[in-house]
Amino acid sequence: MEEHSLCSTETPAANKASFTETSLAGQESHVPSSEVLEAIENVIQGVLQSLAQKKAPVLTVANRADWRNIEFKDSVGLQMIPGCTTKQIRSDCPQSARRFALTLKILSMIYKMVQSNTYATKRDIYYSDTLLFGSQSVVDQIINDISCMLKIPRRSLHVLSTTKGFVAGNLSYTEEDGTKVNCTCSATAVTVPSNVQGIKSVEIMCVYKYGSVSMSFEAHHLTVPSVKWLGLLPSDLERLNIRRDALIPFTKQDENKLASIQKRPYIACQPLWKKELEIMAASKLKAEIQVLTSVSADYLSRVYLPNKLQFGGWL
């Protein structure tokens, strides 16, 4: 099972080199393999030095769950500050010893992949020893910690995310190996490739507009601030007079989540979002886009989306 706490106190981080900056097109500069190997060797050297001095080795990672370590920039989103507080993953503490060992294990796997110029998905790493890792989420979090600790983007660690998206429409792009993909001509949606950094002359829409606290260390590579909120809007539910019995009542968790979102720094620069969230907070009701079938079976495809796209009904 995953450890939920680390045996440490928060400490200010030393000044370290920041992540490789991205260009305006959203492309990161690839970190040379020699630098990646050197960064991993430095971590292992620190572990060996501690052992030589008869001290318990520790790994220092940025505290990725603390809003105090975050700043907001319109052009990037949520970004980790240079002097953020850190936590230690200790080898001599029952709550974190397993996390320490798994981190070294994955560091070893990454080192071998970079040396041999091979790649693996996070899923591949998990399935290399499911009994050892326990769950996919443990692997995902450790890889993010390693990327943050080394100040090296995950792609340069030769770790790819599993493909989770599809794209269709008026878009063409060229992959790293020169393959040309035309999403307009395909009869079905095209799978978004794992190596989005290798795609040229377009900007790939990502899941996040402004990013998250836990991934703020990699905001330059993940966020697309130009993403728009297309629907379904809370004001749409009122405007379309959707039946209350077709809506989903808030749970206590929903209320807490909404309250948290309303306090986030980027809401201040999105007055229309703020208004929509206030409508939702007042009604304490939510809905999935499928609720539009309560108006008519084809209302979503025949009326709602065409009107949104034609008249700019997004935020």
Side-chain angles (χ1 to χ4, degrees), residues 1-3 19-20 22 26-37 39-40 43 59 61 64 89 98-168 171 173-179 181 183 186 188-200 202-208 211-212 214-224:
M1 295 177 64
E2 175 191 357
E3 291 81 14
F19 271 99
T20 306
T22 57
Q27 301 294 324
E28 70 181 75
S29 297
H30 185 68
V31 179
S33 295
S34 58
E35 292 184 21
V36 178
L37 294 175
I40 297 175
V43 172
L59 299 173
V61 299
R64 298 188 290 112
I89 306 175
R98 182 171 178 272
R99 184 67 168 252
F100 179 91
L102 292 180
T103 302
L104 292 188
K105 169 67 174 176
I106 295 179
L107 272 172
S108 172
M109 297 176 72
I110 291 172
Y111 191 89
K112 291 176 182 176
M113 288 191 296
V114 175
Q115 268 190 324
S116 60
N117 195 30
T118 56
Y119 291 81
T121 65
K122 292 186 287 187
R123 199 74 173 155
D124 292 332
I125 292 175
Y126 168 62
Y127 275 107
S128 69
D129 198 330
T130 57
L131 292 179
L132 175 65
F133 294 120
S135 72
Q136 181 70 60
S137 64
V138 170
V139 172
D140 295 349
Q141 291 177 24
I142 290 176
I143 289 172
N144 288 338
D145 275 342
I146 289 173
S147 177
C148 187
M149 176 175 64
L150 300 180
K151 305 298 179 189
I152 294 174
R154 177 169 48 77
R155 165 69 186 174
S156 293
L157 298 177
H158 286 226
V159 179
L160 307 174
S161 60
T162 304
T163 298
K164 293 182 179 178
F166 298 88
V167 61
L171 172 69
Y173 60 87
T174 303
E175 294 185 345
E176 189 174 34
D177 62 1
T179 302
V181 180
C183 303
S186 178
T188 59
V190 176
T191 303
V192 176
S194 297
N195 178 19
V196 295
Q197 303 302 337
I199 296 175
K200 302 173 183 176
V202 299
E203 184 177 65
I204 297 298
M205 301 279 283
C206 298
V207 176
Y208 302 111
S212 64
S214 63
M215 295 300 291
S216 58
F217 67 92
E218 207 169 1
H220 281 279
H221 322 137
L222 298 180
T223 61
V224 183

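Between atom NZ of residue Lys122 and atom CD1 of residue Ile142 there is a gap of 12.5 Å, rounded to the nearest 0.5 Å. Note that the CD1 atom of Ile89 and the CZ atom of Arg98 stand 12.5 Å from one another [nearest 0.5 Å]. Here Glu35 contributes atom CD and Ile40 contributes atom CD1; the two are 12.5 Å apart, rounded to the nearest 0.5 Å. Between atom NZ of residue Lys112 and atom OG of residue Ser108 there is a gap of 4.0 Å, rounded to the nearest 0.5 Å. A distance of 11.0 Å separates CG in Leu157 from CD1 in Ile106, rounded to the nearest 0.5 Å.
Nearest heavy atom pair, residue Phe133 against residue Met109, reads CZ-SD, 4.3 Å. Between Ser156 and Val36, the closest heavy-atom pair is O-CG2, 3.6 Å. The heavy-atom pair separating Leu160 from Arg155 by the smallest distance is CD2-NH1, 3.0 Å.
Below 30°, between 30° and 60°, or above 60°: for Tyr119 and His158 the angle between ring planes is below 30°, a parallel geometry.
Side-chain atoms of Ser128 come within 3.5 Å of backbone atoms of Ile125 as a donor-acceptor pair (strictly under, hydrogens ignored). Within the 3.5 Å criterion, the main-chain N or O of Ile143 finds no donor-acceptor partner in the side chain of Ser147.
Under the 4.5 Å side-chain criterion, counting only non-hydrogen atoms from C-beta, Leu107 is in contact with Leu150. Taking the side chain as every heavy atom from C-beta outward, Leu59 and Asp145 never approach each other to under 4.5 Å. Met113 has its side chain within reach of Val159: a pair of non-hydrogen atoms, C-beta onward, lies under 4.5 Å apart.
For Asp124 and Thr121, the side-chain atoms include at least one donor-acceptor pair closer than 3.5 Å.
A salt bridge is absent between Asp129 and Lys105: the closest approach of a Lys/Arg side-chain nitrogen to an acidic carboxylate oxygen does not fall below 4.0 angstrom.
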